[in-house]
Amino acid sequence: MRSTTGWQADSTTRTLRRAALERRDLRPDDIAVRVEYCGVCHTDLHALQGHTSDANGVLVPGHEFTGVVTEVGTAVSDFLPGDPVAVGNIVDSCGACRACRAGQENFCREFPTLTYGGADRQDGSTTLGGYSREYVVSNRFAYHLPAGLDAAAAAPLLCAGVTVWEPLRALGVGPGSTVAVAGLGGLGHLAVKMATALGATTSVISRTPDKADEARRLGAQEFVVSTDPRQMEAVRDRFEVVIDTISAPHDLAPYLRVVAMDGTLSHLGHLGPVTVETTDLLIGRKKLSSAGSGGRPSTAAMLRFCAEHGITADIELLPSSQVNRALERLERNDVRYRFVLDMSDLD
């Protein structure tokens, strides 16, 4: 086993503490990554709040990180020590089901192995995440970090970025498309940047009027206040694609009303039950969809696209020793738009 250091959950305090961790010895297809930067996701917060040591074992969060290869397995030829890399929230899949064969490992029928809190497919051990100084991962689920992307600001692309990239590409967004992004947070700000770079006429729908200037800075051409009935009526049946990144439970009806005929509302931000009136879909043949994470080809394509267009997350960079403070602020939505941890203080 390999020894490293990271931030492990304490189930009694619902906080993270510095701890010694073990990584597996390299398998032939593995690479060892020195983790430099790891993004902080709402998923990490939810995992920590729900953690009980008896039921879940050791919890080390973190599933969007960048770093440098330090060692490669005997069968690895596409990575070398010193290569900058990125790793997202999936580190393995069955590789045999229809979704995996189509390059959609995120929809693996047997469920993908997650970067933390998952079960290793070979030895059954619990995966420990990127809030650590080293991570060992199969080379199939590591990605070359393109030159020109800031390694810290690129880390959130591996979760928030690919989560919005997948529906934008699956729904054919490009020049001439009309897109609205509902919610301007960690997911939403990247959706605005990507939709604009794809050539779409992009708008932001938000309940916070003060975000109008920020939305335009990110590339939006129009800002709609969701609590203003007149503004929402003015964009009724307007948008071919609405990317809903709102993280709290909310009524979908107002957002379906702004979808154009044969358009789609892609519901990404809140994972939970929703109620939909059939007539809100019927009138205009509107569609409701969702998406999550991304497969290997899509993730690699997203990184290339972001490098070509200079897209990274707007981040606040903190030393990893401030991880508990970052999670507290994240719970209050006190961040624009993503916290990223600098892991160098774990040396």
Side-chain angles (χ1 to χ4, degrees), residues 4 6-9 16 21 23-24 30-51 56-67 85-93 105-108 111-121 125-143 145 151-166 185-187 190 247 268-269 271 291-296 298-300 302-303 312-313 315 318 320 323 326-327 330 335 337-343 346:
T4 189
W7 296 98
Q8 178 178 319
L16 298 171
L21 306 174
R23 297 294 187 190
R24 65 176 181 257
D30 278 342
I31 63 173
V33 178
R34 183 180 70 241
V35 181
E36 302 287 359
Y37 303 103
C38 187
V40 179
C41 177
H42 266 99
T43 303
D44 304 338
L45 179 63
H46 297 157
L48 180 61
Q49 291 174 338
H51 178 64
N56 307 113
V58 175
L59 171 66
V60 177
H63 63 198
E64 49 181 46
F65 62 87
T66 58
V85 293
V87 177
N89 56 6
I90 296 171
V91 293
D92 204 357
S93 70
E105 294 86 356
N106 50 323
F107 302 136
C108 175
F111 200 78
T113 303
L114 301 180
T115 308
Y116 70 86
D120 182 89
R121 302 183 99 84
S125 61
T126 300
T127 55
L128 307 179
Y131 288 7
S132 60
R133 193 53 164 149
E134 181 179 79
Y135 198 97
V136 174
V137 62
S138 167
N139 73 108
R140 296 186 305 120
F141 287 88
Y143 305 91
L145 185 66
L157 297 178
L158 276 296
C159 177
V162 75
T163 295
V164 296
W165 172 258
E166 278 258 318
L187 291 174
L190 285 171
S247 60
L268 306 179
L271 299 180
S293 188
R296 292 161 58 211
S298 180
T299 302
M302 180 271 302
L303 286 170
T312 53
I315 68 167
L318 299 172
S320 76
V323 60
L327 289 166
L330 180 62
V335 56
Y337 284 99
R338 204 76 161 181
F339 286 120
V340 173
L341 304 176
D342 181 343
M343 313 307 296
L346 289 175

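All residue numbers in this chain count up from 1 along the given sequence. Since the model is a prediction, treat every value here as computed from it, not as a measurement.
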I want to check something: taking the side chain as every heavy atom from C-beta on, are [X] and [Y] in contact at a cut-off of under 4.5 Å?
X: Val85; Y: Leu145; value: no
X: Cys41; Y: Arg338; value: yes
X: Ile90; Y: His63; value: no
X: Leu157; Y: Val162; value: no
X: Leu59; Y: Thr126; value: no
X: Phe339; Y: Leu318; value: yes
X: Ile315; Y: Tyr337; value: no
X: Tyr131; Y: Leu16; value: yes

Spacing of [atom1] belonging to [X] relative to [atom2] belonging to [Y], to within rounding of 0.5 Å:
X: His42; Y: Leu271; atom1: NE2; atom2: CG; answer: 12.0 Å
X: Thr127; Y: Asp92; atom1: OG1; atom2: CG; answer: 10.0 Å
X: Arg140; Y: Ile31; atom1: CZ; atom2: CD1; answer: 12.5 Å
X: Ser293; Y: Trp165; atom1: OG; atom2: CH2; answer: 14.5 Å
X: Leu48; Y: Thr43; atom1: CG; atom2: OG1; answer: 12.5 Å
X: Glu36; Y: Asp342; atom1: CD; atom2: CG; answer: 7.5 Å

Go through the steps to decide whether Leu128 and Tyr116 satisfy the test side-chain contact (heavy atoms from CB on, under 4.5 Å), and finish with yes or no.
CA-CA 5 Å; Leu128 307 179; Tyr116 70 86; 5.7 Å; no
Residue from Val60, Val91, Leu21 passing side-chain contact (heavy atoms from CB on, under 4.5 Å) with Tyr135
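Single pass found, and it is Val91.
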If you look at every heavy atom in [X] and [Y], which pair is closest and at what distance?
X: Phe141; Y: Tyr143; answer: O-CE1, 3.7 Å
X: Trp7; Y: Ser320; answer: NE1-OG, 2.9 Å
X: Arg24; Y: Ser138; answer: NH2-N, 3.8 Å
X: Ala86; Y: Thr66; answer: CB-CG2, 4.1 Å
X: Val137; Y: Ala142; answer: CG1-CB, 4.3 Å
X: Ala9; Y: His51; answer: CB-CD2, 3.7 Å

So Arg34 and Glu134, salt bridge (Lys or Arg N to Asp or Glu O under 4.0 Å) or not? Walk me through it.
CA-CA 5 Å; Arg34 183 180 70 241; Glu134 181 179 79; over 6 Å; no
Just by modelled atom types, is the [Y] backbone N or O under 3.5 Å from a matching donor or acceptor in the [X] side chain?
X: Arg296; Y: Glu105; answer: no
X: Ser247; Y: Gly269; answer: no
X: Asn106; Y: Gly295; answer: yes
X: Thr115; Y: Asn89; answer: yes

Can you name the residues that form a salt bridge (Lys or Arg N to Asp or Glu O under 4.0 Å) with Glu166, not counting sequence neighbours?
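Per chain and number, Glu166 pairs via salt bridge (Lys or Arg N to Asp or Glu O under 4.0 Å) with no residue.
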Please name all residues satisfying salt bridge (Lys or Arg N to Asp or Glu O under 4.0 Å) with Arg23, sequence neighbours left out, ordered by chain then number.
none
Step-by-step side-chain contact (heavy atoms from CB on, under 4.5 Å) determination, Leu158 to Leu303
CA-CA 8 Å; Leu158 276 296; Leu303 286 170; 4.1 Å; yes
How far apart are the C-alpha atoms of Thr4 and Arg133, what are their side-chain angles, what is the distance that settles it, and do they pass the side chain to side chain donor-acceptor pair (under 3.5 Å) test?
CA-CA 6 Å; Thr4 189; Arg133 193 53 164 149; over 6 Å; no
Quick one: do Leu341 and Val40 satisfy side-chain contact (heavy atoms from CB on, under 4.5 Å)? Show the steps, please.
CA-CA 7 Å; Leu341 304 176; Val40 179; 3.7 Å; yes
Run Cys38 and Met343 through side-chain contact (heavy atoms from CB on, under 4.5 Å) and show every step you take.
CA-CA 7 Å; Cys38 187; Met343 313 307 296; 4.2 Å; yes
